[in-house]
Amino acid sequence: MKSHESTAIALNSLQAITSTTRPISKPVHGWLAAVRKALGLSRAAVAASLKVTPSAVQDYEKAEKADAITLATLRRVAGAMDCELVVALVPKNGLTFAQLAARRDPNFAHLRATEHSMALEAQASNDLPPSPTAP
């Protein structure tokens with residue numbers, strides 16, 4: 001697959017995934033503590049599931065609140081609470097991925113060739129803005 005084709009496919013996939021997301025503010029005490037409390041779990045209960053001490057769970061919560069926790073640890077603690085960790089990169093300020101791409105390539109030259117190829121295979125996304133007209 002050509003590089004520009006994979007770029008277009010990735011762009012379309014990302015847009016589909018993030019089209020339903022909206023900015024969500026991190027809870028004051030972090031996600032781990034907020035979810036644990038919402039589920040009615042004590043630190044001791046989460047610790048027992050993880051085979052660690054309750055103070056270790058408190059350390060995880062503090063690290064997550066300070067943006068100093070690893071994804072692996074977040075995933076483990078989420079699993080101990082019967083949750084799944086979901087990580088996403090979403091464009092800022094309500095922009096779409098297409099708008100971000102347009103900032104770097106205003107005429108979408110890198111995607112227009114792909115769109116043409118995909119149209120020939122009846123797979124075009126038809127979501128690019130019209131081509132700029134020549135003066």
Side-chain angles (χ1 to χ4, degrees):
M1 184 179 296
K2 295 177 186 166
S3 173
H4 58 275
E5 286 181 23
S6 19
T7 300
I9 291 168
L11 185 63
N12 287 337
S13 296
L14 288 170
Q15 195 58 45
I17 292 167
T18 59
S19 64
T20 58
T21 59
R22 55 185 162 70
I24 300 172
S25 298
K26 182 168 130 178
V28 174
H29 298 291
W31 288 105
L32 293 179
V35 170
R36 179 180 57 75
K37 290 174 185 176
L39 296 175
L41 295 170
S42 66
R43 285 190 182 118
V46 175
S49 180
L50 290 168
K51 296 182 174 50
V52 298
T53 64
S55 63
V57 173
Q58 182 178 19
D59 290 344
Y60 299 151
E61 290 176 357
K62 286 179 182 178
E64 186 256 335
K65 181 180 175 186
D67 290 333
I69 194 168
T70 67
L71 290 175
T73 300
L74 272 175
R75 190 171 285 112
R76 264 186 45 238
V77 179
M81 296 188 288
D82 289 326
C83 293
E84 184 176 336
L85 176 65
V86 178
V87 178
L89 299 177
V90 182
K92 293 179 180 180
N93 305 319
L95 296 175
T96 65
F97 284 103
Q99 289 167 325
L100 287 178
R103 285 182 176 177
R104 287 152 185 81
D105 181 6
N107 296 325
F108 289 97
H110 71 291
L111 294 178
R112 291 203 187 280
T114 301
E115 186 74 5
H116 176 71
S117 296
M118 293 177 80
L120 295 173
E121 299 171 4
Q123 297 177 8
S125 64
N126 296 315
D127 63 352
L128 292 178
S131 292
T133 55

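Just so you know, these numbers use all the heavy atoms, side chains as well, and skip hydrogens, waters and symmetry mates.
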Open item on the list: Is there a side chain to side chain contact (heavy atoms under 4.5 Å, CB included) between Lys62 and Val57? Walk through the geometry before answering.
Closed with: CA-CA 9 Å; Lys62 286 179 182 178; Val57 173; over 6 Å; no

Task: Residues which pass salt bridge (Lys or Arg N to Asp or Glu O under 4.0 Å) with Asp67, listed by chain and number, not counting sequence neighbours - done: Lys26

Task: CG-CG distance between Leu74 and Leu85, expressed to the nearest 0.5 angstrom - done: 5.5 Å

Task: Distance (rounded to the nearest 0.5 Å) between Ser49 OG and Leu41 CG - done: 9.0 Å

TODO: Indicate, with yes or no, if Leu71 and Val52 share a hydrophobic cluster defined by side-chain heavy-atom contacts under 4.5 Å among Ile, Leu, Val, Met, Phe, Trp and Tyr.
DONE: yes

Task: Criterion side chain to side chain contact (heavy atoms under 4.5 Å, CB included) on Tyr60 and Val46, from CA distance to verdict - done: CA-CA 11 Å; Tyr60 299 151; Val46 175; over 6 Å; no

Open item on the list: Please report the interatomic distance OG1(Thr70) to CZ(Arg76), rounded to the nearest 0.5 Å.
Closed with: 8.0 Å

Would you list the atom pairs, donor with acceptor, under 3.5 Å between side chains in residues 87-95 and any protein atom, with sequence neighbours excluded?
none

Task: Smallest separation among heavy atoms of Ala44 and Pro54, with atom names - done: CA-CG, 3.9 Å

Task: Atom pair CG/CD of Leu32 and Gln58 - distance to nearest 0.5 Å - done: 12.5 Å

Open item on the list: The test is side chain to side chain contact (heavy atoms under 4.5 Å, CB included); show your working for Trp31 and Lys65 and say whether it passes.
Closed with: CA-CA 8 Å; Trp31 288 105; Lys65 181 180 175 186; over 6 Å; no

Task: Partners meeting salt bridge (Lys or Arg N to Asp or Glu O under 4.0 Å) with Glu64 (sequence neighbours left out) - done: none

Task: Contact check, side chains of Arg36 and Glu61, non-hydrogen atoms, under 4.5 Å - done: yes

